[in-house]
Peer 1: 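Below is one structure. I have some questions about it.
Chain letters run A, B, ... following the sequence lines, proteins first and then strands; every chain starts at 1.
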There are 2 protein chains.
Amino acid sequence: MNLRKNSTGRLTLNDVARAAGVSRATVSLVLRGSPLVHVDTRARVEAEMARLGYVYNRAAANLRRRVSSSVALVVNDLSNPFFAEFAAGVDEALAAAGYVTLLGSTGESPERQLAVVGSLIEHDPAAIILSPAEGSDAAALARAVGPRTPVLVFNRELAGSPWDFLGLDNRRGAHLATEHLLALGHRRIAFFGGHADSSSCRERRAGYADALRNVGIAVDDDWLIESAPTRMDAAARTGLLFAREPAPTAAVCYNDAVALGLMLGLVRRGRHPGRDFAVTGFDDIPEAILAAPPLTTIAADPRARGRQAAQLVLARVEGTAPEPQRTIAAVELVVRESCMPV
Amino acid sequence: MNLRKNSTGRLTLNDVARAAGVSRATVSLVLRGSPLVHVDTRARVEAEMARLGYVYNRAAANLRRRVSSSVALVVNDLSNPFFAEFAAGVDEALAAAGYVTLLGSTGESPERQLAVVGSLIEHDPAAIILSPAEGSDAAALARAVGPRTPVLVFNRELAGSPWDFLGLDNRRGAHLATEHLLALGHRRIAFFGGHADSSSCRERRAGYADALRNVGIAVDDDWLIESAPTRMDAAARTGLLFAREPAPTAAVCYNDAVALGLMLGLVRRGRHPGRDFAVTGFDDIPEAILAAPPLTTIAADPRARGRQAAQLVLARVEGTAPEPQRTIAAVELVVRESCMPV
DNA sequence: CTGAAAGCGCTTACAG
DNA sequence: CTGAAAGCGCTTACAG
């Protein structure tokens, strides 16, 4: 009956207990759905909670129970649709399991990443899903995380880390893209974009090289062209493809962002992607289908990867997972119109 | 000197205090940078914290201090680049201010939105930044949030809510787009996409109508075409534009997603956007520039809007903001190649 | 089925 | 400058 709040202005279990005429313990049991409470008592308590507008303080409960109901998601760049979709998938699966997502973004900076992890870890997440920035220092990260919080590394391998890993089958993806170009008759095929010091780039290059070697073509180092994994930098580096004659007729791109940037760069040079130069991507981001022409690419289903990452990390939290897991998600070729036969 | 952890396995202030030979209070003062602690003591304590790998439990501190160091961000769809950029901006500014972002996504479902808000609020965020799902129930939301947590509503107005609002200058944006088409000689101009029951759609339609009326053209209800604000639905509804003769020669689209979908729909019908039908967008998402042809649109700089939202909400939290604020962000026309003269 | 008491990891007056 | 004590909002044995 008493609407007076306690000294802090915040409604607590105490207020509900007083209003319902029971002890705090009883209210707590109601909250947690215990069968110990008489059905009438439960109803009375619930009515009071609704009437007062009580909101549960999960932080206090978590502190007492020594549990956590959050998972941190550290992502390098939310403006990359691949990671945005991934984040959406993570959040979806975490929410379904009753966890809340703590978001942190690093902008591809290892220093910011360290700061972000240091800040998130103070909020005591049950686990961390980390899509590492390029050039991450595994040892420094391990120190920032400490020994008590499980980590799932996504997408880029972190050399020397003891953590779970979820990645794409990069090698097979690039292999499929390269084979597609070979089947169309291309023989001078470049690998365009990405930084060779990232594991995903190395793996994709390996798949590309495999496919070429299978048909007796040697990899030409001049056609292994690096760029930042962004549209802009890829567009800017288009010229490197045509530095030497004969130039390639096709490029397997590190990812879709790079492929779209390359297409932009080609158009600026008066070329027609899909008509006089073939391009493949990697990721199948939503705008791949909207490009002109629509981009042939490797689909990785980032949203499903996000759900999968959440599942893996929760399995680790619940302690049901065995030793550090290395999970490689399958990947498939999506043929659209950016590759002409030659 | 003692590496033994307490019973829970977790390192606490107590452990650091014992190892450094001081009281918990002293360690706490060190942690909070108090000048009361002797410099030598501070150094000794900090050395122990580093050596032991102590991590601060901010939840416990927040509970005791009755403060919160998180802000909840509720967004309807992270796979929309406009919201992904917005989220990135929010997170960037919150992190800079020492707050952590609690993420929730609603998938444009008012029911899920209620559940998400109900779950986030239990984590006691200092504030909520809410980009409401279509068809949100303001009263139900207000009940879920309670009276103690400030909310900033972004993008879509929530009728009857007492909360701060940050929106775009929708009316002016659509006005600019329509004027651009008029200046190119178009006279039969449709307004394509969006749902008329959302405030942003109504405002954009009003700007469109203003511009037409200014030059003595009446709005034709047949050319006010609704769609979900997505690429797919827009593409599917393209035909409605050509149901009657004479058909429009141009469309002001509700947003970029709709505009890109419309362009896709036009191509499927054998038309050439930018050559025989003019299209404008709204948002200037990154792929607008990559469309074929590049999309003329209204730039809203979602990342800057995210930073702005964080700032507004923090001002409210610090209590420096006066009465409920209504902030309308300026918007500008970006001319590219999707509109030909007629 | 309910109540009194202790405790999660921290902070904050208050003495000294 | 440091220590002992109380308390943030909850949960959990333990009695009854």
Peer 1: For A:R58, enumerate each residue passing the salt bridge (Lys or Arg N to Asp or Glu O under 4.0 Å) test, keeping only those at least two apart in sequence or located in another chain.
Peer 2: B:E122

Peer 1: Which of these nucleotides, C:dC1, C:dG9, C:dC10, is closest to any side-chain atom of A:L63?
Peer 2: C:dG9

Peer 1: Please tell me which of the listed nucleotides, D:dC1, C:dC10, C:dG9, lies nearest to the side chain of B:A61?
Peer 2: C:dC10

Peer 1: Return no unless some side-chain N or O of A:T41 is found under 4.0 Å from OP1 or OP2 of C:dT2.
Peer 2: yes

Peer 1: Tell which nucleotide pairs with C:dG3, taking only Watson-Crick or G-U wobble pairs whose two distances are both under 3.5 angstrom.
Peer 2: D:dC14

Peer 1: Choosing from D:dT11, C:dT2, C:dC10, which nucleotide comes nearest the side chain of A:L13?
Peer 2: D:dT11

Peer 1: When you get a sec, tell me which of D:dT11, D:dC1, C:dT2 is the closest nucleotide to the side chain of B:H38?
Peer 2: D:dC1

Peer 1: In this structure, how many angstroms lie between the C1' atom of D:dA13 and the CG atom of A:L36, rounded?
Peer 2: 12 Å

Peer 1: Regarding A:R24, tell me which of base, sugar-phosphate or nothing describes its non-hydrogen contacts under 4.0 Å with the strands shown.
Peer 2: base

Peer 1: How many Å lie between CZ on A:R64 and C1' on C:dG7, as a whole number?
Peer 2: 5 Å

Peer 1: Please give, in whole Å, the distance from C:dT11 P to B:N62 CG?
Peer 2: 9 Å

Peer 1: Which part of the nucleic acid does A:A25 contact within heavy-atom distance under 4.0 Å: base, sugar-phosphate only, or nothing?
Peer 2: base

Peer 1: Are any of the side-chain heavy atoms of A:I128 and A:L73 separated by less than 4.5 Å?
Peer 2: no

Peer 1: With a 4.0 Å limit, can you tell me whether B:R58 has a side-chain N or O closer than that to the phosphate oxygens OP1/OP2 of C:dC10?
Peer 2: no

Peer 1: Checking A:V71 against A:I129 for the side-chain contact (heavy atoms from CB on, under 4.5 Å) test, could you report, in this order, the C-alpha distance in whole Å, the side-chain angles of both residues, the deciding distance, and whether it holds?
Peer 2: CA-CA 7 Å; A:V71 168; A:I129 296 173; 4.2 Å; yes

Peer 1: Output side-chain donor-acceptor pairs under 3.5 Å for residues 86-93 of chain A, partner residues at least two apart or in another chain, one line each.
Peer 2:
residue	atom	partner	partner atom	Å
A:D91	OD1	A:T101	OG1	2.7
A:D91	OD2	B:S105	N	3.0
A:D91	OD2	B:S105	OG	2.6
A:E92	OE1	A:R303	NE	3.4

Peer 1: Report the nucleotide, chosen from C:dG3, C:dG9, C:dT12, that has the shortest atom-to-atom distance to any side-chain atom of B:S28.
Peer 2: C:dT12

Peer 1: So which nucleotide from C:dT2, C:dT11, D:dC10 ends up closest to the side chain of B:R32?
Peer 2: C:dT11

Peer 1: For residues A:S109 and A:T106, is any side-chain donor paired with an opposing acceptor at under 3.5 Å?
Peer 2: no

Peer 1: For A:L29 and C:dG3, what is the distance between atoms CG and P respectively, to the nearest whole Å?
Peer 2: 11 Å

Peer 1: Rounded to whole angstrom units, what separation is found between the CG atom of B:D15 and the P atom of C:dC8?
Peer 2: 11 Å

Peer 1: Tell me which of A:N14 and B:S23 sits closer to the 5' end of DNA chain D, going by the nucleotide each one is nearest to.
Peer 2: B:S23

